[in-house]
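Report on the structure given below.
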Amino acid sequence: MALKTPGHSFWLTCPPASLYTLRAMLYDVPVNLGERSYGIHIGAGVLDRLGGLCAEADLKGKCLVITDENVGGHYAKTVLESLETAGYSVCLATLPAGEQTKSGDQVFELYSRCIESGLDRHSFIVALGGGVIGDLAGYVAATYLRGIPFVQVPTSLLAMVDSSVGGKTGINLPEGKNLVGAFYQPRLVLADLQTLSTLADREYRAGLAEVVKYGIIHDAPFFQMLEENIAGLLNAGNVELLAKVVGRCCEIKADVVAQDEHEGGLRAILNFGHTVGHAVEKVAGYGEIVHGEGVSIGSVFAARASVELSGLSMEECQRIEKIFMALELPVNARGYKWTDLRAALAVDKKTIAGMPKFVLVPEIGKSTIGNEIPEPLMEQLWNDL
Ligand code: NAD
Ligand code: GLY
């Protein structure tokens, strides 16, 4: 399967954006999934438009906004007011921040909150936060009363470019990340770039790892544009550049998801860097290495494996390593033993019959799925990292 998105449509063709235009106008990226289609709306200073967008999406009744302690203090008030102004009856659940919150215990607590808040099948959930809140709240929405609608309001860069789009919801088990979940699409996504101004630098940079991923797997001109704009990318306040970057990432993800919603094949390209990335996160202890940092380390591992097995040139491999370093992301995880990492790889979702599967890249902008790396090479690549 090939992607339909032209090589570099969004960031070349979208109108020039200023803070003013991004406030007044939303960039819309459609996710085309038949009757489950929805829009990703991107702007700056636009959280107060949530209620109106929910009404346009035909959402009705009561609503439970789920957020975390870091995000709620900044943005819950605006979101609640916007929903109330649009006529919704709204409750708020504020959870502890961090990866540990994506747990079975929290799911059951949230079911109780849904019942206390009087949510019925005509109600909906709003996920206001990063990928942790989006995955968790989405899973609760997918399973409460066998499924009620939900809305993604991503506030971390990682959530804007990846986790809020495409309907993967879920939680971690003590044995591994994202081992329980459901494919369940939101009714709409609203990404307000101005919320990134309060995101910690480390988390913002971690989101850039997922941005770079899209260039590596599918869009060489986009990758080059990123290489040429390192200083701009490191500035979370540069909403003009971010609008184009987030828009392009969403466009690629929407295209992939429209073709392969349930990861029968093509969608697996989005897992580039994630096989080792998830294992590093697990070995380090959830939250010690954040998701995007794991992806950065895993991407360098996969790039080096691609040199050995898929014909990636050493020069392109070095460009991949260099961009992650320029974005101040980790490219090795010294101190973690291969035996621990290998044990974590064995319980990865992508592992079949004990053999982890990797996305490899024959060149920047092209990717292949389902690759195995011989055991001795896996260990050597890890030890060399
Ligand atoms: P996160 O949700 O933990 O957010 C990172 C930190 O930033 C948290 O402390 C959060 O409270 C804080 N934060 C978020 N937005 C903020 C803001 N605007 N201002 C201040 N603080 C803010 O982590 P994340 O990096 O957003 O997401 C990682 C999670 O997403 C992982 O669990 C990962 O498995 C999942 N994920 C899911 C998918 C998917 O397709 N569903 C894709 C990629 C990652
Ligand atoms: N983040 C990988 C996916 O959505 O498939």
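Residues: numbered from 1 along the sequence shown. Whatever order the structure lists ligands and atoms in, that order sets their numbers, starting from 1.
The closest side-chain donor-acceptor pair between Thr143 and Tyr184, if any, does not fall under 3.5 angstrom. In the model, Glu210 has a side-chain atom that pairs as donor or acceptor with a side-chain atom of His291 under 3.5 Å. At a cut-off of 3.5 Å, with distance as the only test, a side-chain donor of Gln185 or Glu261 sits close to an acceptor on the other residue. No donor-acceptor contact under 3.5 angstrom links the side chains of Asp192 and Thr195, judged on distance only. Looking only at atom types and distance, the side chain of Lys282 has no donor-acceptor partner in the side chain of Asn172 under 3.5 Å away.
At under 3.5 Å, not a single nitrogen or oxygen of Thr169, backbone or side chain, sits near a nitrogen or oxygen of ligand 1. Considering backbone and side-chain atoms together, Gly131 places an N or O closer than 3.5 Å to an N or O of ligand 1. Residue Glu99 has at least one N or O atom closer than 3.5 Å to an N or O atom of ligand 1. Close N/O approach between Arg267 and ligand 1 is not found [any backbone or side-chain N/O within under 3.5 Å]. Remark: ligand 1 and His74 share no N or O pair separated by less than 3.5 Å (distance only, no angle test).
For atom 33 (C) of ligand 1, the nearest protein heavy atom (residue, atom name, distance) is Lys177 NZ, 3.6 Å. Remark: minimum distance from atom 38 (C) of ligand 1 to any protein heavy atom is reached at Ser163 CB, 3.2 Å. With hydrogens left out, the protein atom closest to atom 35 (C) of ligand 1 is Asp135 OD2, 3.4 Å, a heavy atom. Annotation: atom 28 (C) of ligand 1 to nearest protein heavy atom, Leu158 CD2, 3.8 Å. For atom 43 (C) of ligand 1, the closest heavy atom belonging to the protein is Asp162 OD2, 3.5 Å.
The pair Asp219-Arg248 meets the salt-bridge criterion, since a charged nitrogen lies less than 4.0 angstrom from a carboxylate oxygen. Checked for salt-bridge contact, Lys77 and Glu81 meet the test: a charged N lies under 4.0 Å from a carboxylate O. Using a 4.0 Å cut-off between a side-chain N of Lys or Arg and a carboxylate O of Asp or Glu, Asp162 and Lys253 qualify as a salt bridge. A salt bridge does not link Arg205 to Glu293: none of the charged nitrogens lies less than 4.0 Å from a carboxylate oxygen. Salt bridge status for Lys357 with Glu372: present, with a side-chain N to carboxylate O gap under 4.0 Å.
Looking at Asn70, Leu199, Val257, it is Leu199 that brings a heavy atom closest to atom 7 (O) of ligand 1. Evaluated by nearest non-hydrogen atom to atom 19 (N) of ligand 1, the leading choice among Val132, Thr198, Leu95 is Thr198.
A distance-only check finds a donor-acceptor pair linking the side chain of Asp260 to the backbone of Glu263 [under 3.5 Å]. One N or O on the side chain of Arg267 and one on the backbone of Gly166 form a donor-acceptor pair closer than 3.5 Å.
Within ligand 1, the atoms closer than 4.0 Å to a non-hydrogen atom of Asp68 are 10 (C), 11 (O), numbered from 1 in the order shown. Proximity to Thr155 (heavy-atom distance under 4.0 Å) selects the following atoms of ligand 1: 14 (C), 15 (N), 16 (C), 17 (C), 18 (N). Listed by atom number, the atoms of ligand 1 under 4.0 Å from Ser156 heavy atoms are 15 (N), 24 (P), 26 (O). For ligand 1, the atoms closer than 4.0 angstrom to any heavy atom of Val71 are 13 (N), 14 (C), 15 (N), 16 (C), 22 (C). Listed by number with element, the atoms of ligand 1 under 4.0 Å from a non-hydrogen atom of Gly130 are 2 (O), 26 (O). Listed by number with element, the atoms of ligand 1 under 4.0 angstrom from any heavy atom of Asn178 are 34 (O). Per-residue contacts place Tyr75 under 4.0 angstrom from the following atoms of ligand 1 (heavy atoms of the residue considered): 18 (N). Those atoms of ligand 1 that come under 4.0 Å of a heavy atom in Lys253, given as number and element, are 40 (O).
For Glu315, the side chain to side chain contact (heavy atoms under 4.5 Å, CB included) criterion is met by Ser313, Arg319, not counting sequence neighbours.
A 4.5 Å side-chain heavy-atom check between Glu328 and Leu234 finds at least one atom pair inside the cut-off.
Ligand 1 lies nowhere less than 4.0 angstrom from a heavy atom belonging to Val290.
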Just distance, no hydrogens or angles: give the donor-acceptor pairs under 3.5 Å from side chains in residues 373-381, sequence neighbours left out.
from: Glu375; atom 1: OE1; to: Arg342; atom 2: NE; distance (Å): 3.0
from: Glu375; atom 1: OE2; to: Arg342; atom 2: NE; distance (Å): 3.3
from: Glu375; atom 1: OE2; to: Arg342; atom 2: NH2; distance (Å): 2.7

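Counting heavy atoms closer than 4.0 Å to ligand 1, residue Lys102 contributes side-chain atoms (C-beta onward) but none from N, CA, C or O. If you look at Lys168 next to ligand 1, the close heavy atoms, those under 4.0 Å, come from the backbone and the side chain alike.
Legend: ring pair (Phe, Tyr, Trp, His ring centres under 6.0 Å) pairs involving residues 92-137, not counting sequence neighbours, sorted by first then second residue: Tyr88-Phe124, Phe108-Tyr111.
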Distances for all N or O pairs of ligand 2 and the protein under 3.5 Å?
from: ligand 2; atom 1: 1 (N); to: Asp162; atom 2: OD1; distance (Å): 3.0
from: ligand 2; atom 1: 1 (N); to: Asp162; atom 2: OD2; distance (Å): 3.3
from: ligand 2; atom 1: 4 (O); to: Lys253; atom 2: NZ; distance (Å): 2.5
from: ligand 2; atom 1: 4 (O); to: Arg267; atom 2: NH2; distance (Å): 2.8
from: ligand 2; atom 1: 5 (O); to: Lys168; atom 2: NZ; distance (Å): 2.8
from: ligand 2; atom 1: 5 (O); to: Arg267; atom 2: NE; distance (Å): 2.8
from: ligand 2; atom 1: 5 (O); to: Arg267; atom 2: NH2; distance (Å): 3.4

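The aromatic ring centres of Phe272 and Phe358 sit 6.0 Å or more apart.
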